[in-house]
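To keep things clear, I will list the structure first and then write my remarks on it.
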Protein chains: 2
Amino acid sequence: MKPTIRDVAKLAGVSISTVSRVMNAPDSVVESKRVKVLQAIERLQYQPNAFARGLIYKKSHTLGVLIPDIRNPYYAGVIRGMEDAAKSLGYSIIICNTDRDKERLISYLENCNEKQVDGILFTSETVYPDYYAEIRRFRLPVVLVSTHSLEYELPSVKINDEAAAYDAVSYLIGLGHRRIGMISLPLSDPIAGLPRYQGYMRALREHGLPHEGGQVIYAEHWYDEARSAAGRLFGQHPQTTAVFAASDEFAMGVLSFLHERGIRVPDEVSVVGFDNIRMSEMTIPQLTTMAQPVYELGYKGVEKLHRLIEHGSVTPLREYLPHSLIVRSSAAPGKGTQ
Amino acid sequence: MKPTIRDVAKLAGVSISTVSRVMNAPDSVVESKRVKVLQAIERLQYQPNAFARGLIYKKSHTLGVLIPDIRNPYYAGVIRGMEDAAKSLGYSIIICNTDRDKERLISYLENCNEKQVDGILFTSETVYPDYYAEIRRFRLPVVLVSTHSLEYELPSVKINDEAAAYDAVSYLIGLGHRRIGMISLPLSDPIAGLPRYQGYMRALREHGLPHEGGQVIYAEHWYDEARSAAGRLFGQHPQTTAVFAASDEFAMGVLSFLHERGIRVPDEVSVVGFDNIRMSEMTIPQLTTMAQPVYELGYKGVEKLHRLIEHGSVTPLREYLPHSLIVRSSAAPGKGTQ
DNA sequence: CTGAAAGCGCTAACAG
DNA sequence: CTGTTAGCGCTTTCAG
């Protein structure tokens with residue numbers, strides 16, 4: 001069996017309270033005994049039992065991360081940031097892949113609650129009323145990462161998606177492009193869908209480009225879907241000279257479609273992605289993309305959650321990290337307008 | 001405060017043991033009381049405290065995953081398999097990114113031990129003597145995933161890397177290629193390095209190709225390094241018509257180099273990767289690659305660990321899952337030898 | 001400065 | 001079938 005505090009006490013010839021003290025308030029124990037205890041601890045390779053401590057402190061030093069799917073490189077980057085922050089603050093992280101499935105998510109929430117996690121990092125998902133209800137029910141400290149909620153008073157950290165999309169499209173316009181298509185996520189997605197679409201539309205509008213609905217084609221998350229969406233885009237709008245993709249994965253689908261059609265990037269068509277996942281510098285040509293501070297999002301999310309746990313509240317409630325355009329080789333000046 | 005078993009007992013008008021019983025052996029309680037208790041539980045939204053249970057059962061239903069870096073898509077895939085298996089077996093998973101750093105890894109090991117994890121999934125790393133010492137010291141059940149150990153009696157699940165590399169290279173040879181280069185990981189890597197190199201060499205040898213050392217260039221894990229390695233390969237061996245890359249990321253580096261040089265794939269040079277990460281079907285051209293059953297590796301790893309925890313031992317100790325070649329578009333028959 | 005004792009929330013004998 | 005009681009391993013008063 002693993003050694004307990006009693007074993008240490010016996011070996012050191014002191015009471016268990018003394019052992020406890022050398023671990024929690026070493027100064028309150030005379031040196032002679034302290035040394036004895038420390039030696040006993042070393043000899044027995046004693047480690048205090050986290051259950052017993054948890055029972056008293058009501059803290060597990062564990063955080064639950066709810067995230068759609070760790071295989072998505074964007075999420076993996078966020079988690080890495082979380083994990084580093086967690087380590088430096090003394091937390092461990094439990095991963096829960098939700099697949100954006102309601103039941104799955106709620107079952108994880110219950111699970112986390114039962115495991116006595118100190119808080120939850122709710123990542124990249126919409127906060128539906130029933131989720132919020134559960135959160136309240138369990139009185140769990142929650143921080144939203146890469147998502148936010150306008151209805152509920154939940155702390156969050158994300159970028160400003162609308163502004164980022166606006167900047168990406170403005171860049172393309174600045175390059176001289178007039179006919180800019182977009183491969184968008186469904187507008188029902190309140191984070192990566194609607195705001196990025198709105199940013200795109202605002203850029204067209206403010207720069208005086210025709211924008212009756214824009215040249216927007218919708219796709220659902222995956223590469224394949226973006227590829228066929230690109231087909232539809234160029235089918236409907238053959239004169240398109242630039243494409244703004246709502247994610248790097250979408251941009252890769254566009255690149256693939258264009259390559260297949262023998263359309264040269266960026267000579268004939270420019271492409272700008274979104275996220276700056278690592279893969280985006282491995283494409284041919286390398287992708288120009290709107291970068292999210294992926295790692296920081298996760299890192300700050302944990303720091304924020306930590307503050308929330310410690311103080312019961314945080315300011316600012318909703319935090320927006322800066323985005324930045326990474327200029328690589330997939331976008332070039334538009335032809336005939338220079 | 002969260003409700004305790006005592007609150008439930010009071011509300012239901014029974015003793016705490018009865019409450020405990022309806023949770024652990026419902027049949028041993030008369031219906032009338034059981035219903036009362038169940039109602040009380042529902043009303044109070046009672047959930048048993050995992051610390052208290054853990055203290056008694058000495059089980060946390062939590063598994064620790066030590067893995068180099070979750071951002072690597074290969075590892076992310078493995079973890080996803082682990083997580084699904086864990087969920088279905090009632091475990092949670094704690095992620096520990098080691099960065100292949102000794103101190104970091106050992107600190108996580110201690111951490112996991114203190115948190116009373118029920119077992120460890122040691123993934124894609126060499127088991128050095130000091131790691132093994134810690135494992136023994138903590139008497140932690142461990143399963144190696146995507147790695148194994150011939151020195152120590154540790155259960156493991158991985159593919160047969162030597163055979164997989166052999167098959168990949170044989171495929172290229174079958175396609176008529178005679179001058180096949182390899183971008184290898186350092187041979188000091190006993191999992192993805194040496195065995196894949198050996199498989200490559202054996203294929204050359206058994207098929208009667210010149211193999212005085214082979215045409216091997218070494219690189220360290222990353223895309224960039226593989227790209228420059230490809231430069232060296234073609235510098236030293238200009239007549240190379242096919243490249244076997246020790247990972248898909250390496251293969252992407254090769255693809256990038258070749259594209260930059262205007263060398264067409266697969267018309268002039270064929271490329272075969274290793275792993276079959278999702279991204280490999282998003283390259284241009286799509287990558288032909290030796291697939292590892294990534295998800296299954298993780299899934300089976302957890303199942304194995306579960307058995308180890310339950311029974312104290314498992315057979316077979318070292319398990320090897322099948323690999324399979326995924327033929328896509330980056331490899332074609334070699335010119336002039338058909 | 002130190003030990004005895006109470007108790008965190010739950011389970012598991014042990015009587016009844 | 002059910003309640004009482006003794007811990008699980010640790011921290012924390014409270015005396016001394």
Side-chain angles (χ1 to χ4, degrees), chain A residues 1-38 40-41 44-62 90 110-111 113-118 138-139, chain B residues 1-41 44-62 90 110 113-118 138-139:
Chain A
M1 244 12 274
K2 291 191 178 169
T4 76
I5 197 172
R6 237 170 279 282
D7 301 316
V8 177
K10 201 175 301 168
L11 186 67
V14 299
S15 77
I16 61 169
S17 355
T18 300
V19 177
S20 177
R21 282 190 194 99
V22 333
M23 307 204 74
N24 302 303
D27 297 335
S28 68
V29 177
V30 280
E31 170 128 15
S32 61
K33 299 206 175 185
R34 196 185 349 172
V35 173
K36 273 195 156 81
V37 170
L38 255 12
I41 287 177
L44 261 33
Q45 295 287 346
Y46 168 74
Q47 274 196 316
N49 181 316
F51 292 138
R53 292 185 106 127
L55 205 44
I56 293 163
Y57 293 132
K58 288 157 187 6
K59 285 237 177 307
S60 61
H61 295 284
T62 301
E110 293 188 331
N111 205 256
N113 183 247
E114 190 170 337
K115 285 250 165 89
Q116 313 287 131
V117 300
D118 297 339
F138 297 140
R139 299 183 199 77
Chain B
M1 244 11 276
K2 289 190 177 170
T4 75
I5 197 171
R6 239 169 278 282
D7 301 317
V8 177
K10 202 176 301 171
L11 186 68
V14 299
S15 76
I16 60 168
S17 8
T18 300
V19 177
S20 178
R21 282 189 195 99
V22 332
M23 308 203 73
N24 302 303
D27 297 335
S28 66
V29 177
V30 280
E31 170 127 16
S32 63
K33 299 206 173 186
R34 194 184 352 172
V35 172
K36 273 195 156 82
V37 170
L38 256 12
Q39 285 173 343
I41 287 177
L44 260 34
Q45 294 287 345
Y46 168 74
Q47 274 195 315
N49 181 314
F51 293 138
R53 292 184 107 128
L55 207 44
I56 294 162
Y57 292 133
K58 289 157 186 7
K59 284 239 177 308
S60 60
H61 295 285
T62 301
E110 293 187 331
N113 184 246
E114 189 170 339
K115 285 251 164 86
Q116 312 289 129
V117 300
D118 297 339
F138 297 139
R139 298 183 200 76

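Throughout, a chain's letter reflects where its sequence line sits, starting with A, and its residues are numbered from 1. Every heavy atom of this structure was used, including side-chain atoms; hydrogens, water molecules and symmetry mates were not.
Rounded to an integer number of Å, the gap from B:Met23 CE to C:dA12 P is 13 Å. The distance between atom OH of A:Tyr46 and atom C1' of D:dT11, rounded to the nearest whole Å, is 11 Å. Remark: C1' of C:dC1 and CD of A:Glu31 are 14 Å apart, rounded to the nearest angstrom. Distance B:Ile56 CD1 to C:dT11 C1': 4 Å, rounded to the nearest Å. In this structure, NZ of A:Lys10 is placed 13 Å from P of D:dC10, rounded to the nearest angstrom. In this structure, CZ of A:Phe51 is placed 16 Å from P of C:dG9, rounded to the nearest angstrom. One atom, CG of B:Asp7, and another, P of C:dG9, lie 9 Å apart when rounded to the nearest Å. Protein atom CD1 of A:Ile16 is 14 Å distant from nucleotide atom C1' of C:dC8, rounded to whole Å.
In terms of phosphate contacts, B:Lys33 brings no side-chain nitrogen or oxygen within less than 4.0 Å of OP1 or OP2 of D:dC1. Note on B:Asn24: a side-chain N or O is less than 4.0 Å away from OP1 or OP2 of C:dT11. Listed pair A:Lys59 / C:dC8 fails the phosphate criterion, with no side-chain N or O lying under 4.0 Å from OP1 or OP2. In terms of phosphate contacts, B:Arg53 brings a side-chain nitrogen or oxygen within less than 4.0 Å of OP1 or OP2 of C:dT11. For A:Thr18 and C:dC1, the shortest distance from a side-chain N or O to OP1 or OP2 is not below 4.0 Å.
Residue B:Val29 is classed as a sugar-phosphate contact, given heavy-atom separations below 4.0 Å to backbone atoms only. Across all strands, A:Tyr57 comes closer than 4.0 Å only to sugar-phosphate atoms, never to a base (heavy-atom distances).
Within 3.5 Å, no donor on the side chain of B:Ser20 pairs with an acceptor on the base of C:dA12, nor the reverse. In this model, no side-chain donor or acceptor of B:Ser17 finds a partner on the base of D:dT5 within 3.5 Å.
Between B:Ser15 and B:Ala52, the one whose closest nucleotide on DNA chain D sits nearer the 5' end is B:Ser15. Remark on DNA chain D: of its neighbouring residues B:Gly13 and A:Lys2, the 5'-side contact belongs to B:Gly13, judged by nearest-heavy-atom nucleotide.
In plain terms, the two heavy atoms of A:Asp118 and A:Ser60 that are nearest each other are OD1-N, 2.9 Å. Annotation for A:Tyr57 and A:Asn24: closest pair OH-OD1, 4.0 Å, computed over non-hydrogen atoms. Heavy atoms only, all atoms of each residue included: A:Tyr46 and A:Ile5 are closest at CE1-N, 3.5 Å.
Listed nucleotides: C:dG9, D:dT2, D:dT5. Nearest to the side chain of A:Leu55: C:dG9. Set against D:dG9, D:dG3, D:dT11, the side chain of B:Val14 has D:dG3 as its closest nucleotide. You'll find that the side chain of B:Asn49 is closest to C:dC10, out of D:dG9, C:dC10, D:dT11. Considering only the side chain of B:Arg21, C:dA13 comes nearest among D:dC14, C:dC8, C:dA13.
Side-chain contact between B:Lys115 and B:Thr62 is absent, with no heavy-atom pair separated by less than 4.5 Å.
For B:Lys36, the NZ atom is loosely surrounded, since the number of other residues' heavy atoms within 6.0 Å does not exceed 12.
Under a 3.5 Å cut-off, the side chain of B:Lys2 and the backbone N or O of B:Gln47 do not form any donor-acceptor pair.
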